[in-house]
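Every chain is numbered from 1, with letters handed out A, B, ... down the list of sequences.
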Amino acid sequence: MEDEKMVRRIRQGEGELLGPLIEKYYKDVFRFCYYKTGNEASAYDCTQETFLRMIRFMESYVEMHRFKSYLLRIALNVCRDYYRENSVSTVPLEEAEACGAAGGGAPGVTAAETGNGRIEEACVVQQCLMRLPEFQREVIILHFYYGYKLREIAAATGVTLSTAKSRLKQGQDKLRRIFREEGIDEKG
Amino acid sequence: MKKDEREIARILERNLVPEVERREMERLERQARLQMEQMDILTWNAFPYRLMRQIPYITSWIWAVQALVVIVFAVLLRQGQGAANLLLLIMLSMGPLLALLLVVDVARSYGCNMWEMEAVCRYDLGQVTAMRMCIVGGADMAVLAACCCLYGRGRGSIWEFGLLAVFPFFVSSSLYLWELKRFSGSCSIYVLALTGAGLGLAGCPALNRAYNWMAAGRLEWAPALTLCMLGAAGAAMAYHAAGLCRHGWMKGGESGGWSLG
């Protein structure tokens, strides 16, 4: 069923359609929250809050055909609130060292599937991402993981096009510097 | 994507996301259903509720003009025969244009970039206009019904009032609603204004003739005919209003029907 049809029916009281809607977008929202918070438990909390907030404000939803963008925009605000409440903006890189051993980075990814090396690498990349200031990190996530264009990023983050552009540029420069510091080979 | 961007993207791809736990998803589904039940979703989706929330956005001068017209109308009704009746007829025939004040008001706020600030950005021009017409039209109907009773108790029959005042109101309203539904986004203020002007021009002589016939006592069959006409025009207006609310008359955005509960 198309998103707009599903949302319309939910708005008319068909609560049983919430299940399929949540299942359809849960992974996307969770992925976003994970990239943004860098923590699995926080990502689950933020994902849950995103969907509950979506239901609370479903009445005001008008952007049909772009339901995923709408959800990600809510997720973005939820994650911002999360940071505000927890007063955390960036995470020191030292945590990355304990990441693989403690399983705090990507514990759901099994070693059999990926190998421990890849898990550790994933943790380091995530922690590099976490070293970016929040406003640059969200631009980087939306651009690189979700393929958003600058115009879409500007709309989602509520800034002007030029601000989005400069944030992306600065974020890329900073990320490249962090990668170099951590000895991550950009050439792959 | 540029070359340096591709390199960053390649590194970021190595960042693996944990597999989503099924029980977390199910827990959320349960919570979401619970929240929805508590929200009483059908209430805020109901059409009357949506109309109620539009009331504060109707500019006060609309109500002021409507009140002024009602007062003048009541005064003319009290005066009875002679020149006053001509004024009354002219005013009644210009009645269809009164509804267009709402369109002007909506267009004005749109033109002043007040659209989003007015919290009506969820609807398009047609929707907002139609909803406001429903509100003001409903208020007009109540006043007309009151006037109808007063007129019936005073100097004439209720059916006379129905023919002269209520029937034009029904006809013009159903025409406007039909246009809003039929032409949706392309139904501009000019189309509605043209319709209003046409109704006014055609209505004045028609009402004048009907009034003269009534005055001459040549309309024995008029009460029954008026009743039928009122019934038909009222049904047409209700049909168009319901159609406008239920079906996909909305431009762009939301295309769903509203709960009329």
For this session: Output, in order, the C-alpha distance, side-chain angles, deciding distance and verdict of side chain to side chain contact (heavy atoms under 4.5 Å, CB included) for B/Val20 and A/Thr47.
Result: CA-CA 11 Å; B/Val20 169; A/Thr47 307; over 6 Å; no
Problem set entry | Distance in Å, A/Ile22 CD1 paired with B/Gln31 CD, rounded so as to fall on 0.5 Å steps | 9.5 Å
For this session: Specify the closest pair of heavy atoms between B/Ile8 and A/Phe179, including all atoms of both residues, with the distance to one decimal.
Result: CG2-CE1, 4.3 Å
Exercise. Under a 4.5 Å heavy-atom cut-off, does chain B meet the side chain of A/Leu129, its backbone, both or neither?
Worked result: side chain
For this session: Go through the steps for B/Glu24 and A/Tyr26 under the test side chain to side chain contact (heavy atoms under 4.5 Å, CB included), then give the verdict.
Result: CA-CA 10 Å; B/Glu24 289 287 342; A/Tyr26 194 95; 3.7 Å; yes
For this session: Would you mind telling me which of B/Glu29, B/Arg27, B/Glu26 has the largest number of heavy-atom pairs within less than 4.5 Å of chain A?
Result: B/Glu29
For this session: Without swapping roles, check the side chain of A/Glu40 against the backbone of B/Pro18 for a donor-acceptor pair under 3.5 Å.
Result: no
Exercise. What's the spacing between A/Lys27 NZ and B/Met25 CE if we round to 0.5 Å?
Worked result: 6.5 Å
For this session: Considering non-hydrogen atoms only, spot the tightest contact between A/Ala122 and B/Asn15 and give its length.
Result: O-OD1, 3.3 Å
Problem set entry | N-O pairing of B/Glu5 and A/Lys169 below 4.0 Å | no
Seminar exercise, completed: Max heavy-atom pairs within cutoff under 4.5 Å with chain B, candidates A/Glu16, A/Met54, A/Glu23, goes to A/Glu23
For this session: Would you mind reporting whether B/Leu12 and A/Leu175 have side-chain heavy atoms less than 4.5 Å apart?
Result: yes
Exercise. Is the shortest heavy-atom distance from the side chain of B/Met36 to the side chain of A/Ile10 under 4.5 Å?
Worked result: yes
Problem set entry | Residue A/Ile140 versus chain B: region with a heavy atom under 4.5 Å | side chain
Exercise. Can you tell me if A/Tyr44 uses its side chain to pair, donor with acceptor, with the backbone of B/Glu21 under 3.5 Å?
Worked result: yes
Problem set entry | Candidates A/Thr50, A/Leu52, A/Leu18 - the one meeting side-chain contact (heavy atoms from CB on, under 4.5 Å) with B/Leu28 | A/Leu52
For this session: Under 4.5 Å heavy-atom distance to chain A, tell me which part of B/Arg30 shows up: side chain, backbone, both or neither.
Result: neither
Exercise. Roughly how far, to the nearest 0.5 Å, is the CZ atom of A/Phe30 from the CD atom of B/Glu19?
Worked result: 9.5 Å
